[in-house]
Structures are given as C-alpha cells and as structure tokens.
Amino acid sequence: MEKPQGSALDYNVALIVEDEPLARVLATEILQDAGYRVFEACDAQDALTILEERQDIWIVMTDIEMPGDMDGLALAGTIHARWPDTVILVTSGRLHPEPDELSNGAGFIAKPYRVAELLRQLDMLLEQHGVLVLSDDDILEGWHAAELAHAQADPRDKPVTLARAVAAEQTAIERFGAGSHAAAYDARYSDKPEPRH
C-alpha cells in the first residue's frame, strides 16, 4: 500500500474493529460525522480480510478484547508489520496497555471517550505519520479563496478556477457534511461571492 501525499482528507478511510455492536455503531457514526468513510469489522480476522481486500484504508481503530485467536494488541502488531503506514488507535474500557505493549506509533484511548477527544487523538496520530491535518478554518479559508479566484478570473481561466472552487467545496462537504458546509461558509463570510450551494 503506497502512502498517499497530501492532507488528512487523503487519509479519510477508516476501519473500526469492535465486537460490541453498539460501540461499533457509535464509533462509526462519530467518524462518519467527522468526514471519514468507515468500514466495520467484528473481530481481528474480519479486519485482516478487509485490509487485504482494500488498499484505501489508512486508519484502524481497534478494541483490545475481542473474540477469536487474536486480540486488538496482536492485531495492531500485525497491521503495523504488514501495513506500516497505517494509523492505529487502540481502545478499551477495561484494559490500559503500557506504552511498550502498543505497536510502534499506535495510540490508545480509553472508553468511554468523548467525541472531541477521539478526533483530537486521531489528528495527533495522523500528524505523527506526517499527514497535514487541516483545521475547519483552513478548509473554509481555502474554499473562500477558491471562490474569490473564480469570481475574479479571466473568462479563459474560468474552467480551471471553477474546478478548483468545486474541489474546495467538496473538501468542505467532507468535513462539515452536505448542507452544513454552506451554513459554516455563510456564518464565516458575509462578503461576496456567494458559493454555489
């Protein structure tokens, strides 16, 4: 799996490995609301099957205690050995592994976790892997700049500036959600041009 270049938006595909259905759904909803595409696995073997079939998963969040022959710590070690660029976040409500029990570069978050705490932990892990994490402000400013450039562009350059504005808006949709992205833009910028919602 070749590491993509760019920002956290290039790393927005995650795998949740959790045997508790409610906990798995909760983690999936949190990451989806934050703009991630999420796949789910109920145990380590299921997770490895998904990782072997897909080349676009860059983040794995795994519980420690799971049924089967491999727990989350062993899964994290296997993932690190086979896909070393993968960001790994280990979680548990009962166990608190020592740093030397975690695979190189893996993070840990205790359950129950708060949404902001989980997302902050993922951002920190991404940054440790050399990924540029864009803030909400960065995304809105980039979109606004692209809209202004398109509005002021020479007619011959309009196709290129339109493509850049559309790409910037898509980035905002991935971060804020469709519809909510326009509200975030409108709340921040009252000057023209209006974005194309």
Side-chain angles (χ1 to χ4, degrees), residues 1-134 171 173-177:
M1 185 159 53
E2 186 176 329
K3 188 173 181 180
Q5 300 299 311
S7 74
L9 294 168
D10 299 309
Y11 291 78
N12 73 341
V13 185
L15 174 63
I16 304 294
V17 190
E18 170 66 66
D19 62 308
E20 295 272 340
L22 189 57
R24 189 169 63 242
V25 167
L26 176 63
T28 296
E29 287 179 353
I30 290 170
L31 294 188
Q32 285 176 335
D33 288 346
Y36 289 91
R37 286 181 35 221
V38 181
F39 294 88
E40 299 177 15
C42 59
D43 60 31
Q45 189 54 56
D46 192 22
L48 291 173
T49 299
I50 292 169
L51 288 166
E52 287 166 357
E53 292 173 352
R54 301 198 62 91
Q55 299 299 307
D56 58 347
I57 294 173
W58 297 102
I59 298 169
V60 175
M61 181 175 163
T62 182
D63 189 29
I64 293 177
E65 297 179 287
M66 292 184 293
D69 297 334
M70 184 182 291
D71 69 7
L73 293 173
L75 173 63
T78 300
I79 291 170
H80 179 70
R82 293 180 63 184
W83 300 282
D85 289 328
T86 302
V87 172
I88 303 168
L89 180 60
V90 176
T91 185
S92 178
R94 290 188 338 110
L95 304 175
H96 296 270
E98 296 297 323
D100 63 346
E101 293 180 272
L102 294 171
S103 297
N104 189 25
F108 174 77
I109 189 168
K111 296 179 191 174
Y113 44 75
R114 295 185 174 162
V115 173
E117 180 187 11
L118 171 60
L119 297 178
R120 186 167 46 252
Q121 177 77 293
L122 283 176
D123 282 351
M124 285 175 22
L125 289 170
L126 285 165
E127 286 174 348
Q128 288 172 11
H129 278 72
V131 178
L132 173 65
V133 177
L134 298 176
T171 299
I173 289 170
E174 290 172 1
R175 172 62 61 91
F176 298 101

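Residues L31 and L119 meet the side-chain proximity criterion, which asks for heavy atoms closer than 4.5 Å. Using a 4.5 Å heavy-atom cutoff, the side chains of V60 and W83 are not in contact. Proximity of V87 to W58: side-chain heavy atoms (C-beta onward) are nowhere separated by under 4.5 Å. Residues M70 and Q45 are not in side-chain contact: their nearest non-hydrogen atoms beyond the backbone lie 4.5 Å or more apart.
The pair E29-R24 fails the salt-bridge criterion, with no side-chain N (NZ, NE, NH1 or NH2) lying under 4.0 Å from an Asp/Glu carboxylate O.
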Go through F39 and I16 one step at a time and tell me if the side chain to side chain contact (heavy atoms under 4.5 Å, CB included) criterion holds.
CA-CA 6 Å; F39 294 88; I16 304 294; over 6 Å; no

Would T86 and I59 count as a side chain to side chain contact (heavy atoms under 4.5 Å, CB included) here? Give the steps.
CA-CA 6 Å; T86 302; I59 298 169; 5.9 Å; no

Report the C-alpha distance between E40 and T28 in whole Å, list the side-chain angles of each, state the deciding distance to 0.1 Å, and finish with yes or no for side chain to side chain donor-acceptor pair (under 3.5 Å).
CA-CA 8 Å; E40 299 177 15; T28 296; 3.0 Å; yes

Would you check, one step at a time, whether the test side chain to side chain contact (heavy atoms under 4.5 Å, CB included) holds for D71 with E65?
CA-CA 6 Å; D71 69 7; E65 297 179 287; over 6 Å; no

L73/I64 under side chain to side chain contact (heavy atoms under 4.5 Å, CB included): CA gap, chis, key distance, verdict
CA-CA 6 Å; L73 293 173; I64 293 177; 4.2 Å; yes

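Taking all atoms of both residues into account, the shortest heavy-atom contact from M66 to D63 is CE-O, 3.6 Å. Between D46 and A41 the shortest heavy-atom distance is OD2-CA, 3.3 Å. Considering all non-hydrogen atoms of both residues, P84 and A81 come closest at CD-O, 4.3 Å. Minimum interatomic distance between L75 and A47 (heavy atoms only, all atoms of both residues): CD2-CB, 4.1 Å.
Side chain of Q121 to main chain of F108: a donor-acceptor pair is present (N/O by atom type, distance under 3.5 Å, no hydrogens or angles). Between the E18 side chain and the E20 main chain, a donor and an acceptor come within less than 3.5 Å of each other. A donor-acceptor distance shorter than 3.5 angstrom exists from the side chain of T91 to the backbone of I109, with no hydrogens or angles considered. A donor-acceptor pair is defined here as one N or O able to donate and one able to accept, closer than 3.5 Å; no such pair exists between the side chain of R37 and the backbone of V13.
With rounding to the nearest 0.5 Å, the separation of OG1 in T49 from CZ in R54 is 13.5 Å.
Exactly one of V38, V90, L118, L15 qualifies for a side-chain contact (heavy atoms from CB on, under 4.5 Å) with M61. That residue is L118.
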